[in-house]
Amino acid sequence: MTIPMQDLPKQYNPAAAQDRWHKFWESKGYFHSEPNRAKKPFSIAIPPPNVTGALHLGHALNNTLQDILIRQKRMQGFEALWMPGTDHAGIATQAVVERRLLQEEKLSRHQLGREGLVARIWQWKNDYEKRILGQLKEMGCSCDWHRTRFTLDAQCARAVRHTFFKMFQEKLIYRGKRLVNWDAMLQTAVSDDEVFHETTKGHFWYFNYPTIDPKPGEPAYVTVATTRPETMLGDTAVAVHPEPSAALDKAEADLLQRFEAAASKDKADLQKQIDDLRERRRTMLADLETLADMARDGRKIRLPLLNREIPLIADVWAKPELGTGCVKITPAHDPNDYEVGLRQRLPMINILNCDGTLNENAGPYQGLANPKARQAVVADLEKLELVAKIEDREIEIAHSDRSKTPIEPLLADQWFVKMDHLAQTAMDAVTDGRVKIFPERYAKSYLDWLSEKRDWPVSRQLWWGHQIPVWYCKTASEAELQKAFAGRADVVWHRDEQNCQWLICAQEEDLAENAVPGHALVRELDVLDTWFSSALWPHSTLGWPEQTPELAYYYPTSVLITSRDIITLWVARMVLAGLYNVGDIPFREVFIHPKILDGYGEGMSKSKGNGVDPIDVIEKFGADALRFGLAYLTTETQDVRMPVEFECPHCQKLIEQTKENRVRPRVKCKHCSKEFSTQWAEKAEDKALPRGAVVSERFELARNFCNKLWNASRLVLMNLEGYAAATVADGELLVDDRWILSRLATVTQDVTTHLAGYRYSEAAKVLYGFAWDEFCSFYLEMVKARLTDPAARPTAQRVLTHTLDTLLRLLHPMIPFVTEEVWHLLNEAAPQRGIERVASASESIMIAPWPQSASARQNPEIEARFARFQEVLRAIRDIRSRQNVLPKTQINFSVRCDAATADLLKPMEPYFISMAGARATEIGPQTNPPEVSANVSLSGMEVFVDLADLIDVAAEIERKQQEIVRLDGLIAVKRKKLENQSFIDRAPAAVVEGERAALKELEDQRAAAVAVVERMKNTVAPGYPKLRY
RNA sequence: GGGCGUUUAGCUCAGUUGGUUAGAGCGCCUUCCUCACACGGAGGAGGUCACAGGUUCGAGUCCUGUAACGCCCA
């Protein structure tokens, strides 16, 4: 049958196809996968997006790349499972919800209570999970949605409990005091990774601490400097360097060395530093030596305000080249001081409450919070005249990434996972090649990070997460515990000697408060770090700890596709957790893809407001364009810079997105002055405005490509009347058929190997070039004429449908919707296809087999000959264009070439007429140029276009003259190269030969050009000024 | 401070193991709304490959240094 043309719009309509085919695929159950012994498994566990917010283009890229692989592998006959899900993202999600609660309802989490807050977060989670999964579906992601998991659901929770229990039992999990980054607003410790630094204006305060009973010649005060005065309340020592003179020597030597190596512009600055250091030695060294002696003597200092006696100690942390050379030591509130405290066995005094206010250890300052505490301390010290001086200074302040408030370092009880052995197993998996990381260089950051083997702090003082399954009991005896839990393998306990209590861990179920008769059990309130459950993702989603058929079949998963910023936090931990729990790696390969950056080169993030919603792109360009565009941009080395613009919903004009306007809920169009809302609109009045989509012209290439494919398909579909499937014998194939089939075989091979090596961009480019420049620009143009010839039509139709069929299948993983749309149309017009073997097409392209490269069809000779044809065609078109010949005017041309080339070109004569409006008058060695002609010299060929009535002689002569000049330049370079004896001697013979041939070619072209000018000058325009050449 | 990466046309990017006259898309110029496609066709202009050295017969490609930018870790 023929598809009525009016049914096929000239422009592809992505929205309709997306809606239709996603439903179709789901209803057919194509996304679902079950263990199937008859097939090989291919599985991917999705990097679960955080339920914090909606997905941006970075996620779109990540998931597009996964879907491309999954769809391809499915077509290749694998039992392909893509496991979807989302991450509870503990601290991030709780922070978002808490902030929202405070802004909109003026409620703190404490007012709401633990259960209330958690319920609110579940609501949030449900909303955003729905939105996220909806976004993935709109993108066409072929996840097995029935298996969707959430890191906090019952199945994942069970995996967490089992892992924790096993680690606790084996004493890989322990409880200890550590200095943590305390977020006083969220009242939780945050990891180093969740801290960012910001430079702000602050001060450097110099305080005098009185020496106790100074002897003659000894200073009455020790001066220390700090940027955080209130911490002095927790000081437990003042340190001075044990050998100040030697330390100064070393500092000076280092500076001198740098001075020698420095560029001249930096020398002045370094010289100043050296001078300062020498001055310092002159004025301060004696005092520092005295203080070092006093420290060795065990002398003490009186801490002002609290009147506490603290020791003067000798420690290398005190740098004589910096500040006063003495440093106050606050072990409980500074990471470096903490190290000193451990080294010198100093008491560690915590002066902070969880909410950031000072506690009872701060004496009269108890209850104050910063900045009041700071002001009070400074004011009181000033009253005592102990403030030596105050300097202005830029200081780096650590902030919590979540609450954006300053971090207070704080000594707290935390749970840790011992990393030494676990980290080693994860390192081994990569070094011995069981897990391969692409691109390879990322293996280094993985190994570097793991090799530090720092214990992993896993407790978080949050309410949203997996609550740690540990109960404390202070009063029971071990015998009582044994009795209470007799016969239970799912409960273990360890003694916490430091705090005189039992730590009881339960694997399956929560323990009741009265589980030990006569004693109260108190549950640990902390939850686990989000990454603890994420680390289990590849096996917890498959049912572990149960030995499910899924786990046996799909584990280890085939590949993990993720972004480089979580190689350490997530990838490394998944490897060690998989090895620990399952005894096998979680995935065989890891592909690290680029990041999407905005126009300023910054990564996209919710907090910066520069994230682009993939739905915006889908609405404007279509899901296929989004996917193809992203794949096209995914190269190995580079991040993707994506400048974006707002599209005004009123006037459709584009407005540049700036750092300024990208975070606003509403933006005023500078063209029409009307306002529109953005993705940040939350208030009703903002949301009521029409939404201004964020778009990027970088998707136009892909949108245009989809449209091109659509129209090429229309051409095919409109010419299938009378189509009858049948095999095509080699003898029936014309040169254009053999050429396109040869190219198709090569392209099939290339796309397959590129995708196997995660070279998405290469695969996309190969397909783009083939579909556009070869299939559309040449094959379709050539086949048009044959379709009108009843004798040639059947073969043309068969090769055409076969080629389109194969091209669609190759493109399907990248652009699933348009290919499925065309596939169905093609199935109506040509349900059976194939040239070697005729077969019925599958009901969906999703389940059609991936094309096999027909390597026997690859024909370099045909491709080379075809290239000659393309050259001549281009030459004729070039002449037409530069002579401004109207499209409807037919011209005559001739070609002078050897007999072999003539044999090739002669069969193409009809194509010159249809594709260049040019009729061949003569092709061969004996061709004489027409009296008046334009010409193009090609290697071994000369093309003449007879333009007796049309030619602009002056322009042609001018053009040829320029060409001679250009050729002269190239010839000179070549000659020089070939005159170089060492080139002749040392370069490979083939290269030298190539250069000689190239020179000959250039000389021939020059001679031809000279002849043309000569002829035109003499025969056509004798009066034209004498030319120099 | 350490590590990794980037710097090629006005913009965004390719450029495999060093070897003819360095490519693509967008934008720009000329031209054509020809019956698949103006989200299109045909043609064109535009680059001393960040800078300075070095290795080599030959360097965008390899080595050293410098600068700028980005990311990760301290």
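Chain naming here is simple, since letters A, B, ... match the order of the sequence lines and numbering starts at 1 in each. Just so it is clear, the structure is predicted and the values come from calculations on it, not from any experiment.
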Peer 1: Base, sugar-phosphate, or nothing for C776(A), non-hydrogen atoms under 4.0 angstrom?
Peer 2: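 Base contact - C776(A) has a heavy atom under 4.0 Å of at least one base atom.
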Peer 1: Using 30° and 60° as the class boundaries, would you call the ring planes of F778(A) and F869(A) parallel, tilted or perpendicular?
Peer 2: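 Judged by the thresholds at 30° and 60°, the geometry between F778(A) and F869(A) is perpendicular.
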Peer 1: Regarding Y632(A), tell me which of base, sugar-phosphate or nothing describes its non-hydrogen contacts under 4.0 Å with the strands shown.
Peer 2: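 Since only primed, P, OP1 and OP2 atoms lie under 4.0 Å of Y632(A), the category is sugar-phosphate.
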Peer 1: Could you tell me if K765(A) sits above the aromatic ring of Y632(A), with its cationic atom closer than 6.0 Å to the ring centre and no more than 45 degrees from the axis?
Peer 2: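 Yes.
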Peer 1: Determine the contact category for Q1005(A): base if any of its heavy atoms lies under 4.0 Å from a base atom, sugar-phosphate if only primed atoms, P, OP1 or OP2 are that close, otherwise nothing.
Peer 2: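 Nothing, no heavy atom under 4.0 Å.
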Peer 1: Select one nucleotide: of C73(B), U21(B), A38(B), the one nearest the side-chain heavy atoms of E452(A).
Peer 2: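 Between C73(B), U21(B), A38(B), the one nearest the side chain of E452(A) would be C73(B).
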Peer 1: R564(A) has a side chain; which of A38(B), C71(B), G3(B) sits nearest to it?
Peer 2: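 My answer, after comparing the listed nucleotides, is C71(B).
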Peer 1: Please classify the nucleic acid contact of K784(A) as base, sugar-phosphate, or nothing, using heavy-atom distances under 4.0 Å.
Peer 2: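 The answer is base, as K784(A) lies within the cut-off (heavy atoms under 4.0 Å) of a base atom.
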Peer 1: State whether a side-chain donor-acceptor pair under 3.5 Å links D736(A) with Y911(A).
Peer 2: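 On atom types as modelled, these side chains qualify, holding a pair under 3.5 Å.
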Peer 1: With a 6.0 Å cut-off (strictly less than), is the heavy-atom count around CD of E440(A), excluding the residue itself, greater than 12?
Peer 2: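 Count not over threshold, so no.
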Peer 1: Looking only at the side chain of L701(A) (C-beta and beyond, no hydrogens), which of the listed nucleotides G19(B), G25(B), A36(B) gets closest?
Peer 2: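 That would be G25(B).
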Peer 1: On RNA chain B, nearest-nucleotide positions of V973(A) versus A712(A): which is more 5'?
Peer 2: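 Counting from the 5' end, the first nearest nucleotide belongs to V973(A).
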Peer 1: Report which part of the nucleic acid L1002(A) touches: base, sugar-phosphate, or nothing (heavy-atom distance under 4.0 Å, all strands).
Peer 2: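 L1002(A): base contact, heavy atoms under 4.0 Å.
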Peer 1: With the threshold set at 4.0 Å, does a side-chain nitrogen-carboxylate oxygen contact exist between E1001(A) and R996(A)?
Peer 2: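 No, E1001(A) and R996(A) are not salt-bridged.
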Peer 1: Show the distances under 3.5 angstrom between N or O atoms of the protein and N or O atoms of nucleotides 41-45 of chain B.
Peer 2:
{"unit_1": "G41(B)", "atom_1": "OP1", "unit_2": "K708(A)", "atom_2": "NZ", "d": "3.1"}
{"unit_1": "G41(B)", "atom_1": "OP1", "unit_2": "W772(A)", "atom_2": "NE1", "d": "2.5"}
{"unit_1": "G43(B)", "atom_1": "O2'", "unit_2": "S881(A)", "atom_2": "OG", "d": "3.3"}

